[in-house]
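What you see below is based on every heavy atom in this structure, not just the backbone, and it leaves out hydrogens, waters and symmetry mates. Residue numbers begin at 1 in each chain, while the letters A, B, ... track the order of the sequences. Note that the structure is predicted; figures quoted are calculated from it, not measured.
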Protein chains: 2
Amino acid sequence: MNCCENKHTNIDAEQLARFAKAMGHPTRLEILCFLASMDSCYFGDINNELPIAKATVSQHLKELKEAGLIQGEIETPKVKYCINRANWEKAKTYFAEFFDTMSETKVCCK
Amino acid sequence: MNCCENKHTNIDAEQLARFAKAMGHPTRLEILCFLASMDSCYFGDINNELPIAKATVSQHLKELKEAGLIQGEIETPKVKYCINRANWEKAKTYFAEFFDTMSETKVCCK
DNA sequence: TTTGTTGTTCGCAAAATTACGAACAATATT
DNA sequence: AATATTGTTCGTAATTTTGCGAACAACAAA
């Protein structure tokens, strides 16, 4: 069933699922919100905002990085994190197109 | 850190995370794509499209229903599923607003 | 009443996720 | 060289997720 892939849109369903999965945890969503509200910040700033162990924060950041939604940069002795803007736009587009597949007014479960 | 909640937007971060989590599995995303491409269909139709056991399909449908993205209706002896349009629109709006928090052109990790 | 159809639920196993403290690495400071 | 700062990685435990077959429920048909 390749209904997402074979549309006129360019949605990569696997990538969309990866984006969604990364966003699917409250802590990671918080981190994304936090980062999206500023240019960039250090690990410590993010860690300060969250009531969990730094090891766990680091792990969530790693997952967000692997999903492509953020990026990290060493700025010794700190690590600067920020939104990965290119992929952010891609995700924005993917989600928008995904939800638009329902936009035509169909009657549903009437 | 309530950066999503205290914006001018009306994003409910927990609900957004629930939507995202439900979409974060390839099979569930496929099901959503499939349902979004039609008015409604029966369990058997969905099951036919997927290479997994019906028990697993049923479980994924249950999760999508609990997340609010789809709805099911008994039409004896079949079960008719379809997109939950109200929540679909809500999800669409939430994701769009979420990704728009980055829309202002900020320089990021230059 | 037996049989068939359609899906859900149960019980279980395997795998993945989440969270933590401790140890570590890299670098700067004393 | 010893110490301090900043984060990552490791090892582990607890929980959740995923997937399956078998059993079941509800109903229609023979």
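- As rounded to whole Å, 14 Å separates atom C1' of C:dG7 from atom CD1 of B:Ile31.
- Listed by residue number, A:Ala55, A:Ser58 are the residues of residues 55-67 of chain A with a heavy-atom contact under 4.0 Å to DNA chain D.
- Considering only residues two or more places apart in sequence or on other chains, A:Phe95 meets the ring-ring contact (aromatic ring centres under 6.0 Å, His included) condition with B:Phe95, B:Phe99.
- In this structure, A:Arg28 atom CZ and C:dT18 atom C1' are separated by 9 Å, rounded to whole Å.
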Q: Please report the C-alpha distance between A:Lys92 and B:Asp100 in whole Å, then the side-chain angles of each, then the deciding distance to 0.1 Å, and finally whether the salt bridge (charged side-chain N to carboxylate O under 4.0 Å, His left out) criterion is met.
A: CA-CA 8 Å; A:Lys92 176 180 175 174; B:Asp100 273 340; 2.7 Å; yes
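- Backbone-only engagement by B:Lys78 is indicated by non-hydrogen atom pairs under 4.0 Å involving sugar-phosphate atoms exclusively.
- For A:His25, there are no side-chain hydrogen bond (donor to acceptor under 3.5 Å, both in side chains) partners two or more places apart in sequence or in a different chain.
- In this structure A:Thr93 satisfies the side chain to side chain contact (heavy atoms under 4.5 Å, CB included) test together with A:Glu97, sequence neighbours excluded.
- Reading DNA chain D from its 5' end, the first and the last nucleotide to sit under 4.0 Å from a heavy atom of chain B are D:dT17 to D:dC27.
- A straight line from NZ of A:Lys54 to P of C:dC24 spans 14 Å, rounded to a whole angstrom.
- Residues in residues 17-27 of chain A take part in these salt bridge (Lys or Arg N to Asp or Glu O under 4.0 Å) pairs, two or more places apart or across chains: A:Glu14-A:Arg18.
- Taking for each of A:Pro51 and B:Pro77 the nucleotide of DNA chain C with the nearest heavy atom, the 5'-most of the two is the partner of B:Pro77.
- Remark: C1' of C:dT9 and CD1 of B:Ile74 are 13 Å apart, rounded to the nearest angstrom.
- With C:dT6, C:dT17, C:dT27 as the choices, the nucleotide that has an atom nearest any side-chain atom of A:Thr76 turns out to be C:dT27.
- Checked against the 6.0 Å centroid threshold, B:Trp88 and A:Phe98 count as a close aromatic pair.
- Listed by chain and residue number, nothing satisfies the side-chain hydrogen bond (donor to acceptor under 3.5 Å, both in side chains) test with B:Gln59 (two or more places apart in sequence, or in another chain).
- Listed by chain and number, the residues in a side chain to side chain contact (heavy atoms under 4.5 Å, CB included) with B:Lys78 are B:Tyr42 (sequence neighbours excluded).
- Remark: A:Glu66 pairs with no residue by the side-chain hydrogen bond (donor to acceptor under 3.5 Å, both in side chains) rule, at least two apart or across chains.
- Between A:Met23 atom CE and C:dT17 atom P the separation is 18 Å, expressed in whole Å.
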